[in-house]
Structures are given as structure tokens and as C-alpha cells.
Amino acid sequence: MKQLWAPWRMAYIDEGLKDQGCIFCTKYREADLRAALVLAQTQHTVVMMNKYPYNNGHLLIAPKRHESSLAQLPGEAFIEVNEVLRQAVEVVHQAFSPGGINLGMNLGKCAGAGIEAHLHWHIVPRWEGDTNFMPVIGETRVMPQHLLDSFDRLQPHFKNLSA
Ligand SMILES: [Zn+2]
């Protein structure tokens with residue numbers, strides 16, 4: 001576990017998402033939520049899979065409100081996001097039994113945020129010896145099947161999500 005948190009990697013991951021507009025504002029409104037990789041949502045929060053994962057089961061959790069400032073996020077939404085975060089950590093434990101989990105956020109471009117306009121948290125499951133796991137997805141537009149496999153594995157656990 002040499003690289004517990006790799007913000008440069010997160011920048012790359014977020015970079016890949018940027019050209020689709022604000023995914024945190026649009027994806028949960030799509031008709032096909034599986035294709036959109038939206039696992040769950042509550043009144044103020046959306047839980048998605050990262051299309052450009054750092055590791056298997058990499059989740060993104062965001063308030064639905066398009067907000068860049070943590071201080072400007074209404075308390076009600078902040079509390080709900082945090083409630084969803086801790087439940088999502090449990091879901092990842094149940095679904096993947098990782099050795100550990102990185103949970104965090106990148107605030108601002110120089111901290112590695114690609115979508116700095118919309119607050120979001122990363123949940124990255126970790127396994128011993130996974131530091132060399134660097135999936136090269138590049139420019140491909142085909143959604144790798146393993147993402148949908150992971151989606152199907154995670155999604156039933158989110159049916160009990162409460163906020
Ligand atoms: Zn947004």
C-alpha cells in the first residue's frame with residue numbers, strides 16, 4: 001500500500017469525465033440508470049460508479065445541488081451526503097470485501113479535481129498489492145463489461161439506502 005491516495009490519478013480520472021458535461025447533474029436524470037452507472041439516489045444525493053475507475057468498485061458520491069464550495073453546501077445536503085457515504089462504504093465492504101477503502105475528495109484543480117464545479121467524494125476499494133493496478137482506458141468509448149458486472153453486484157445492496 002504505497003500509494004494510499006493518488007491525486008494525480010484522480011485528476012486523470014476526472015479529466016475523462018469532463019467532456020460529458022456535469023455528470024453529477026445529468027446522469028441521475030437519464031432513463032437507463034444502469035447505463036448511466038447511477039447506483040442509487042436520495043433526495044439530495046447521487047451514488048454513481050466512476051466510468052474511469054482507479055480500482056474495481058470505485059464509487060462517486062455527490063450532492064445533487066451543483067455546488068463547488070463545501071461551505072456553500074446547505075447543511076441538510078451535507079448531512080445527507082455523509083449519511084449516504086457511510087452506508088456506501090458498508091455496501092462496498094459487503095459487495096467486494098476489500099482489504100481497505102480510500103474515502104476522500106479533491107477540492108480545487110491543483111488538488112486534482114477534474115470536475116471542480118461540483119463537489120463529489122470518491123470511495124476507492126483497496127486490496128493488498130493493488131498499487132500496480134492501473135487500468136488504461138484512454139479514449140475508448142466502449143463501456144468495459146466489468147463496470148456493469150460491478151454495477152450489478154453493488155446495486156442490490158443499495159436498495160436499503162436510507163437518508
Ligand atoms: Zn453539477
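Worth knowing before you read on, the calculation uses all heavy atoms, side chains too, and leaves out hydrogens, waters and symmetry mates. Numbering of ligands and ligand atoms starts at 1, following listing order.
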Sole residue of V47, I61, T45, L59 in side-chain contact (heavy atoms from CB on, under 4.5 Å) with L85: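 The side-chain contact (heavy atoms from CB on, under 4.5 Å) with L85 is passed solely by I61 among V47, I61, T45, L59.
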
Gap between atom CD of Q155 and atom CZ of R34 - 0.5 Å precision: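 Going from the CZ atom of R34 to the CD atom of Q155 covers 9.5 Å.
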
If you look at H118, which of its N/O/S atoms is nearest to the Zn ion (ligand 1)? ND1

For the Zn ion (ligand 1), give me the closest N/O/S atom belonging to H66, just the atom name. ND1

State, with a plain yes or no, whether a side-chain heavy atom of L107 is found less than 4.5 Å away from one of L119. yes

Test of understanding: clusters of I, L, V, M, F, W, Y form through side-chain heavy atoms closer than 4.5 Å, transitively. Do V84 and I79 belong to the same one? no

State, to the nearest 10 degrees, the angle whose vertex is the Zn ion (ligand 1) and whose arms point to SG of C25 and SG of C22.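 Taking the Zn ion (ligand 1) as the apex, the two atoms subtend 120°.
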
